Amino acid sequence: MGHNRGLLCIAFAGLAWGVGGFVAAVLYDRSGLGPIAVTFWRYLGGIALLAAIRPFQQNGQKPLNKRRLVVNGLGMALYQTAYYVAIDLTGVAVATVVVLGSGPVLVAIGDRVLFKERVSVPTVALAVTGLVLLVGVDTVDAAGLAVAFVSAAGYAGVTLLNRAGKEDPFDSALGGFAVGTVVLLPLALLEGLLPTRGGTGETVALLAFLGAVPTALAYALFFAGLTVVRATTAAVVALVEPLAAVALGVLVLHEPLTGWSAAGAGLLLLSVVIGGQLERRSRTTAVTANAPTATAAASPHHQRWEDSRSGAAAAAADAGGGDCARRDVTTAVAETGFAPGPVTLTVHVPGESTGPEV
């Protein structure tokens with residue numbers, strides 16, 4: 001997957017999660033289902049969809065790491081459940097700010113410690129500031145705040161785990177849903193697994209949408225994006241989630257948008273754009289730094305020189321002189337970075353009159 005496509009996958013996942021939160025809120029109101037039960041049905045729907053598609057997918061990745069998939073599923077169940085508990089204890093605004101605001105900070109710390117990646121502190125700070133202004137915070141409950149931090153830690157752990165993993169993103173999502181469904185089942189039974197009001201058809205349709213788009217598709221794309229995008233950048237770009245939720249609230253429910261919220265939305269968008277640009281710049285720098293060596297290794301002239309070392313030339317190289325000459329030529333090509341061009345070096349090899357053209 002290309003780098004730009006990875007950024008688009010993560011942005012789409014964030015948008016899908018924002019739409020999913022809006023649809024879930026409608027589902028709570030019309031069906032009587034609680035947040036844990038809705039998450040359970042979301043995960044179950046995600047399993048059904050991904051399992052149906054899986055036989056048609058070409059898996060060229062390494063074998064599955066079952067332990068990593070279990071940890072991934074436990075982390076997903078933890079941060080989803082803790083997030084909804086935090087909402088119940090301290091409200092949507094505080095839970096959203098703490099979970100989505102501290103998540104990128106924790107991811108940035110882990111990114112730096114585990115992967116030695118360069119972290120843009122101003123970009124993360126800009127994103128968190130925009131989130132606080134967008135959502136707003138009134139009162140804070142200490143217990144809810146603690147649970148929200150647990151949710152943020154779970155989100156950061158899942159993000160870093162999938163950034164470090166080599167498994168197929170499709171299988172990571174599928175395995176995570178399977179483990180999460182098992183973990184959430186007893187909690188969902190306690191909360192109430194079946195709807196208590198509203199039409200059955202509408203409830204099934206909303207649950208099907210949640211299982212397909214904000215769950216199966218969004219998580220598969222998010223994990224796929226993490227294979228090519230740094231974890232910190234992914235956490236910042238995924239903050240388009242609250243933007244989507246607020247936009248739907250304004251456009252569909254006609255909720256008021258204050259000046260502070262509009263300013264926060266602007267800062268969030270700016271942080272997403274800056275994060276994407278910094279990510280592209282870092283990748284371009286890395287590719288440019290490695291280009292001379294890669295060019296030398298891929299050069300047909302260089303290859304012809306390697307292939308020509310046979311017979312008497314190879315015997316002479318084993319004596320010492322030819323091997324030194326070969327290293328000199330390779331170094332010269334690597335330093336110039338112009339191997340495909342008409343660069344000609346004549347090298348003296350004991351036992352040979354001239355060296356090959358490189």
Side-chain angles (χ1 to χ4, degrees), residues 1-22 93 96-112 115 117-136 152 155-156 158-160 162-163 169 213-214 217-251 257-289:
M1 174 183 292
H3 181 255
N4 289 337
R5 184 174 296 180
L7 287 171
L8 289 176
C9 285
I10 292 171
F12 179 87
L15 289 172
W17 290 333
V19 174
F22 177 82
T96 301
V97 168
V98 173
V99 175
L100 297 184
S102 60
V105 176
L106 295 175
V107 170
I109 295 173
D111 213 7
R112 181 63 179 172
F115 309 124
E117 297 278 10
R118 182 176 299 176
V119 175
S120 175
V121 176
T123 303
V124 176
L126 184 66
V128 174
T129 302
L131 180 65
V132 172
L133 293 176
L134 176 67
V135 179
Y155 170 74
V158 169
T159 302
L160 293 169
N162 284 275
R163 174 62 176 140
V213 181
L217 182 60
Y219 276 100
L221 290 177
F222 183 72
F223 292 156
L226 283 173
T227 62
V228 294
V229 175
R230 290 180 298 179
T232 303
T233 304
V236 171
V237 173
L239 286 178
V240 295
E241 175 184 351
L243 287 175
V246 170
L248 285 172
V250 172
L251 297 175
L257 181 66
T258 66
W260 287 113
S261 296
L267 291 179
L268 261 182
L269 283 174
L270 181 61
S271 68
V272 170
V273 172
I274 293 176
Q277 291 297 326
L278 291 176
E279 183 75 15
R280 292 190 187 95
R281 186 179 302 173
S282 68
R283 296 297 179 185
T284 303
T285 302
V287 171
T288 303

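Positions are given from 1 along the sequence. A quick note: this is a predicted structure, and the numbers were derived from the prediction, not measured.
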Non-neighbouring partners of Phe12 that pass side-chain contact (heavy atoms from CB on, under 4.5 Å), sequence neighbours left out: Ala16, Leu217, Leu221
For Ser261, which residues count as a side chain to side chain donor-acceptor pair (under 3.5 Å) partner, sequence neighbours excluded? Thr258
Heavy atoms only: give me the nearest Pro214-Gly20 pair and the separation to one decimal. CG-CA, 3.6 Å
What residues, two or more places apart in sequence or in another chain, satisfy side chain to side chain donor-acceptor pair (under 3.5 Å) together with Thr129? none
Shortest non-hydrogen contact between Thr227 and Pro169, atoms and distance: CG2-CG, 4.0 Å
For Pro242 and Leu100, which heavy atoms make the closest approach, and how far apart are they? CD-CD1, 3.9 Å
side-chain contact (heavy atoms from CB on, under 4.5 Å) involving Ala152 - partner list, sequence neighbours excluded: Ser102, Leu106
So how far is it from Leu160 CG to Tyr155 OH, rounded to the nearest 0.5 Å? 10.0 Å
CG on Leu7 to CZ on Arg230, rounded to 0.5 Å: 10.0 Å
Extract all donor-acceptor atom pairs below 3.5 Å that involve side chains of residues 263-276 and protein atoms in other chains or at least two apart in sequence.
from, atom 1, to, atom 2, distance (Å)
Ser271, OG, Leu268, O, 2.7

Applying side-chain contact (heavy atoms from CB on, under 4.5 Å) to Val158 and not counting sequence neighbours gives Asn72, Met76, Tyr79, Asn162, Phe223
Hey, can you pull the donor-acceptor pairs under 3.5 Å for the side chains in residues 232-239, sequence neighbours left out?
from, atom 1, to, atom 2, distance (Å)
Thr232, OG1, Asp111, OD2, 3.0
Thr233, OG1, Glu279, OE1, 2.7

Between Val128 and Val105, does the side-chain contact (heavy atoms from CB on, under 4.5 Å) criterion hold? Intermediate values first, please. CA-CA 9 Å; Val128 174; Val105 176; 4.1 Å; yes
